[in-house]
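One-based numbering along the sequence shown. The model shown is predicted, which means the values in this text are computed figures rather than measured ones.
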Amino acid sequence: MSLFAQELSRIWRPGIFAALLVSGIAFWFLVGKGPGIVAFPNGSQATFHFELAQEWADRFGASIDDAEMREIRAEARAAETAFESDLATLDGAAERDLRTRADFDAFSIEVLDREYGVQQAGGEPDDALKADIALSERILALPSHERAYEMDLWLQALEGEGGARGYLSHMWLQDIETYLNRLSTWLVVAPMFVMAPVAVSDQLHRMRAVQWSSRIGRKVFGAQLAAAVLSAALVLAVSLCAWAVPLAGAGIGALMDCVITGPLSGYVCGWDMTLGAYVAARVALMVGLGLAAGLLSFVLARMSAGYVGMLVRVVPVCAGFGWLLVPVLFDHALCERSVPGSANPFSTGWLPVGGELAFVAVIALVAIVSCVFSCMRERRCDAR
């Protein structure tokens with residue numbers, strides 16, 4: 001059996017495989033699925049925006065141009081007409097002289113002001129105010145009301161744009177962003193979980209001196225590193241496939257070719273980027289940093305005398321990269337950060353556009369150089 005095959009078999013022992021599987025499943029249920037992807041799209045407004053995007057993707061394609069804006073204006077007028085038609089048949093609306101959307105807007109403000117005044121005075125609403133509150137709530141519950149107001153929101157937002165207009169909404173994009181942030185943590189932690197234990201095992205079992213005493217033994221480092229990298233890549237690929245299933249089940253496949261930049265998307269990019277390209281770029285960055293972090297953990301583990309020393313070195317790197325850094329680093333990756341709708345509370349423009357690429361490249365370079373120097377050092381070591 002070749003050195004590579006031997007090192008590969010040492011990595012994929014039943015105990016490690018079981019621990020990795022249990023950890024992955026536990027991470028998914030405790031952190032990964034969350035309310036965003038399970039209940040996607042989360043909320044009635046997000047559901048409306050998502051379903052509208054699916055409808056427009058089928059009709060207009062990746063974006064809306066100037067000619068197609070005529071249809072959007074017609075839809076907004078039709079939605080307002082449908083709302084006013086429902087308003088005319090609603091019990092109590094005619095008695096309060098509510099015939100148009102403008103009438104209801106004024107009525108709604110009046111009711112809110114009266115209710116606020118009563119609350120400030122410490123009193124209770126009288127029967128007339130209670131009736132008006134109930135009427136307002138019934139009108140707000142009309143499906144035609146939500147469509148009329150949401151269509152007007154979209155019309156105003158799109159009218160302010162020029163050329164090709166994106167129509168994806170941060171109301172549901174933020175759920176995907178949160179999901180990707182959680183995935184990024186796992187993609188950084190999992191390679192460390194695979195690569196570090198095998199790197200420390202030789203030192204723990206006092207095999208280094210035996211390896212350094214022969215020409216074949218000095219090749220163990222390369223074989224062990226190759227096996228660890230292949231194993232980490234396999235874990236990353238399986239993890240991506242597993243996490244992609246719930247995302248695909250959310251129904252965003254038809255929107256992958258849509259422009260992600262738009263007036264209500266929360267994404268501002270320096271170039272035309274589709275939702276699919278954004279997800280692919282984020283995944284590539286996360287995988288790159290995950291492999292780089294795994295290489296660093298491999299080198300640190302090789303320097304450790306046992307599992308305790310390995311944990312002392314690797315756990316801070318794991319926590320720093322996986323839990324603290326990547327959810328902040330990759331949120332709205334390759335886009336401007338000081339925008340609304342970010343899943344990251346620290347998204348205030350702290351990183352320039354494209355800064356993630358430079359950061360991942362630097363970490364990858366440091367990891368590769370560390371591996372090279374570690375290999376060179378071990379080749380020069382004498383048996384002892």
Side-chain angles (χ1 to χ4, degrees), residues 4 7-13 15-28 30-32 179-202 221-244 280-304 307 309-330 333 356-357 359-372 374-375:
F4 175 77
E7 294 299 331
L8 205 58
S9 64
R10 290 175 61 196
I11 293 175
W12 291 106
R13 289 173 294 176
I16 293 180
F17 176 79
L20 183 63
L21 183 63
V22 171
S23 298
I25 293 174
F27 184 87
W28 160 254
L30 295 175
V31 179
Y179 189 69
L180 292 176
N181 284 343
R182 292 168 177 173
L183 172 59
S184 67
T185 296
W186 174 252
L187 294 184
V188 170
V189 171
M192 296 185 184
F193 193 100
V194 174
M195 299 179 74
V198 70
V200 77
S201 61
D202 288 339
F221 182 94
Q224 195 173 83
L225 177 60
V229 170
L230 177 62
S231 298
L234 177 63
V235 170
L236 289 173
V238 172
S239 298
L240 287 174
C241 292
W243 283 64
R282 274 210 57 170
V283 168
L285 288 169
M286 294 186 296
V287 167
L289 187 57
L291 287 175
L295 289 176
L296 286 176
S297 70
F298 181 87
V299 173
L300 292 173
R302 292 282 298 189
M303 297 166 54
S304 305
Y307 286 123
M310 178 199 71
L311 292 174
V312 170
R313 288 180 169 90
V314 173
V315 168
V317 177
C318 179
F321 278 105
W323 294 98
L324 300 178
L325 177 63
V326 292
V328 177
L329 179 66
F330 294 136
E356 309 87 350
L357 289 171
F359 184 89
V360 172
V362 168
I363 298 299
L365 181 61
V366 170
I368 293 171
V369 170
S370 299
C371 286
V372 171
S374 181
C375 180

Where is the tightest heavy-atom contact between [X] and [Y], given as atom of each residue plus distance?
X    : Y    : answer
A232 : V194 : N-CG1, 4.1 Å
A292 : A364 : CB-CA, 3.8 Å
V314 : A196 : CG2-CB, 4.3 Å
V299 : C371 : CG2-SG, 3.6 Å
V189 : G322 : CG2-CA, 4.2 Å

Whether the side chain of S374 engages the backbone of S370 through a donor-acceptor N/O pair (distance < 3.5 Å, no angle test) should be reported.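 Between the backbone of S370 and the side chain of S374 there is no qualifying donor-acceptor contact (under 3.5 Å).
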
Look only at the side chain of T185 and the backbone of W323, and say whether a donor-acceptor pair between them is shorter than 3.5 Å. no

May I ask you to test the L187-W243 pair for a side-chain heavy-atom distance under 4.5 Å? no

I'd like to check L183 versus F330 (side-chain heavy atoms, cut-off strictly below 4.5 Å). Are they in contact? no

Rounded to the nearest 0.5 Å, how far apart are [atom1] of [X] and [atom2] of [Y]?
X    : Y    : atom1 : atom2 : result
L295 : I363 : CG    : CD1   : 11.5 Å
E356 : R282 : CD    : CZ    : 9.0 Å
E7   : L225 : CD    : CG    : 10.5 Å
I16  : F193 : CD1   : CZ    : 8.0 Å
L291 : M192 : CG    : CE    : 11.0 Å
I11  : F17  : CD1   : CZ    : 14.0 Å

Once the angle between the rings of W28 and Y179 is folded into 0 to 90°, is it parallel (under 30°), tilted (30 to 60°) or perpendicular (over 60°)?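 The arrangement is perpendicular - the two ring planes meet at more than 60°.
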
Trace of the side-chain contact (heavy atoms from CB on, under 4.5 Å) decision for M195 with V229: CA-CA 7 Å; M195 299 179 74; V229 170; 3.8 Å; yes

